[in-house]
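As structure tokens, the structure follows; a few thoughts come after it.
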Amino acid sequence: MNNKLKGTLFGVVAAVAYGTNPLFSLPLYALCMTPDSVLFYRYGIGGALLGLILKLRGESLRLKKHEVLPLFLLGVLFSSSSFLLFKSFLYMDAGVASTILFVYPVLVALIMAVVFKEKASWITYGCIGLALCGIGLLYKGDGEPGLDVVGMTLVLLSALTYAIYIIIVGRIASLKLPVGKMSFWVIVFGMTVFVVSTKFLTQLQPVPPTLSGWVNVCGEAIVPTVISVLFINISIKAIGSTYAAIIGALEPVTALMIGVFVFGESFTLRIAVGALLIVFAVILVVSQNVVVAGLKKGWHKLR
């Protein structure tokens, strides 16, 4: 499997995994847990599980001095994005918030073009446009009042912090950190945000002593945390920040399917068209990566 295809497939898995956030978090909210507590357990259990896996594989988790600051910054950015998104669920429908979050590919592309002078093809910007059109159609606001300003601000800040996280991961590739080790420390350092937000654990709520409580806490720790972090980091290193961000448009599609099949939400023609636009945008990105990689390989053979 060539590097471009591998990065694309891992990006798809990461997007689908991260899109399951509402599946586990909303039942915990229904059990009266706060976003701070949910995320603390998510990162704590996820970090412990990932650390155990890496140790069993014989991988070292020791950091060098020059690696600490970049990984601490990544951890704070990643967990801050999660915290802001989960907070927005308190002010607006989780599906709407999860959909608005996906302005981050636009932010990634704009930051890369303006700050780092990265040249993007018209196909890239076309894919961003298609994904945004699809996301706009997925907005479930027909006949409902306008979006809450606080919720909108929180989710837009979440998108910005996630965009910066993706860019920094791409820019620090020179550190040549193993993906597992980097992901572990991102999660561990990220817990500092929730330690502070719970006033140094004095306001931390216990996990509800029910099967549902523990299943959802562990599910939140494994699927949208360990799997998502590992796979998105692999994807970014393989295909770059912009392409990985665009593939992330599959996340709201995942949230949509969960809403329809798990929570019984409606599935209209408008929603179907929006989902198809997003999937089509992702297919274009996948095709572009595979075709380019194939052409380069063929050219080298001819030479």
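Quick note: numbers below take in every heavy atom, side chains included, and nothing from hydrogens, waters or symmetry partners.
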With a 4.5 Å cut-off on side-chain heavy-atom distances among I, L, V, M, F, W and Y, is there a chain of contacts connecting Val186 to Val68?
yes

Donor on one side chain, acceptor on other, Asn233 and Ser183, under 3.5 Å
yes

Does Thr254 use its side chain to pair, donor to acceptor, with the backbone of Gly19 at less than 3.5 Å?
no

Evaluate the side chain to side chain contact (heavy atoms under 4.5 Å, CB included) criterion for residues Val229 and Phe78: first the C-alpha distance (whole Å), next the side-chain angles of each, then the deciding distance (0.1 Å), finally the verdict.
CA-CA 9 Å; Val229 171; Phe78 189 79; 3.3 Å; yes

Check: Ser37/Thr34 side-chain N/O donor and acceptor closer than 3.5 Å
yes

Donor-acceptor pair, side chain of Thr210 and main chain of Gly213, under 3.5 angstrom
yes

For Asn216 against Pro27, the heavy-atom pair lying closest together:
ND2-CB, 3.6 Å

Find out if a path of hydrophobic residues (ILVMFWY) with successive side-chain heavy-atom gaps under 4.5 Å connects Val215 to Ile227.
no

Glu251 versus Tyr104: any side-chain heavy-atom pair under 4.5 Å?
yes

Does Ile187 reach the side chain of Thr225, with side-chain heavy atoms less than 4.5 Å apart?
yes

Grab the two heavy atoms, one from Gly46 and one from Ala221, that are nearest each other, plus how far apart they are.
N-CB, 3.6 Å

Does atom CZ of Phe116 have more than 12 heavy-atom neighbours from other groups under 6.0 Å away?
yes

Can you name the nearest heavy-atom pair linking Ser80 to Thr161, along with the distance?
C-OG1, 4.3 Å

Starting at CD1 of Ile166, measure out to CE of Met112 and round the result to the nearest 0.5 Å.
11.0 Å

Report yes if some heavy atom in the side chain of Leu160 is under 4.5 Å from a heavy atom in the side chain of Leu156; otherwise report no.
no

Check whether any side-chain heavy atom of Leu107 lies under 4.5 Å from a side-chain heavy atom of Tyr162, and answer yes or no.
no

Interatomic distance, Leu54 atom CG to Ser60 atom OG [nearest 0.5 angstrom]
10.0 Å

Report yes or no: do Phe261 and Tyr18 belong to one cluster of Ile/Leu/Val/Met/Phe/Trp/Tyr joined by side chain heavy-atom distances under 4.5 Å?
yes

Atom of Cys127, atom of Ile246 and distance for their closest heavy-atom approach
CB-CG2, 4.1 Å

d(Leu26 CG, Leu31 CG) to nearest 0.5 Å is 11.5 Å

Output, in order, the C-alpha distance, side-chain angles, deciding distance and verdict of side chain to side chain contact (heavy atoms under 4.5 Å, CB included) for Phe24 and Thr20.
CA-CA 7 Å; Phe24 304 107; Thr20 63; 3.7 Å; yes

So does Lys199 get a backbone contact from the side chain of Thr202, meaning a donor-acceptor N/O pair under 3.5 Å?
yes

Does Leu61 offer a backbone N or O that forms a donor-acceptor pair with the side chain of Trp185 under 3.5 Å?
yes

Measure across Ile239 and Asn3 and return the closest heavy-atom pair with its distance rounded to 0.1 Å.
CG2-O, 4.4 Å

Steps toward side chain to side chain contact (heavy atoms under 4.5 Å, CB included) verdict (Met257, Val262):
CA-CA 8 Å; Met257 293 298 102; Val262 178; over 6 Å; no

Test item: Lys181 side-chain N/O and Arg62 main-chain N/O as donor-acceptor pair under 3.5 Å:
yes

Any heavy-atom pair between the side chains of Met33 and Pro208 that's under 4.5 Å?
yes

Donor-acceptor under 3.5 Å (Ser197 side chain, Phe194 main chain):
yes

If Ile, Leu, Val, Met, Phe, Trp and Tyr residues are connected whenever their side-chain heavy atoms lie under 4.5 Å apart, and connections chain through other members, are Trp214 and Ile222 in the same group?
yes

Under 3.5 Å: donor-acceptor pair, side chain of Ser235, backbone of Ile232
no

Which atom pair, heavy atoms only, marks the closest approach of Leu250 to Ile278?
N-CG2, 4.3 Å

Any heavy-atom pair between the side chains of Leu71 and Leu177 that's under 4.5 Å?
yes

Leu5 vs Leu9, test: side chain to side chain contact (heavy atoms under 4.5 Å, CB included). Steps then yes/no.
CA-CA 6 Å; Leu5 179 57; Leu9 292 177; 4.1 Å; yes

Whether Thr198 side chain and Leu204 backbone form a donor-acceptor pair below 3.5 Å
no

If you define the side chain from C-beta out and look only at heavy atoms, does anything of Phe86 sit under 4.5 Å from Val38?
yes

Identify, with sequence neighbours excluded, every residue that meets salt bridge (Lys or Arg N to Asp or Glu O under 4.0 Å) alongside Glu220.
Arg42

Rounded to the nearest 0.5 Å, the SG atom of Cys218 sits from the CG atom of Leu49 at a distance of 9.0 Å

Given 3.5 Å as the limit, does a donor-acceptor pair link the side chain of Thr8 with the main chain of Lys4, or not?
yes

Main-chain N/O of Cys32 paired to Gln205 side chain as donor or acceptor, under 3.5 Å:
yes

Quick one about Ser81 and Ser158 (side-chain donor to acceptor, distance below 3.5 Å, no hydrogens or angles considered), yes or no?
yes

Should we say atom OH of Tyr91 is surrounded by more than 12 heavy atoms from elsewhere, each under 6.0 Å from it?
no

Calculate, to the nearest 0.5 Å, the distance between atoms CZ and CZ belonging to Phe231 and Phe10 respectively.
5.0 Å

Hey, does Pro70 have a side-chain heavy atom less than 4.5 Å from the side chain of Ile168?
no

Leu154 and side chain to side chain contact (heavy atoms under 4.5 Å, CB included): which partner among Leu85, Ile100, Leu84?
Leu84

Distance-only side-chain donor-acceptor flag, Tyr43 / Ser82, under 3.5 Å:
yes

Cluster link Val115 to Leu74, ILVMFWY, side chain under 4.5 Å:
yes

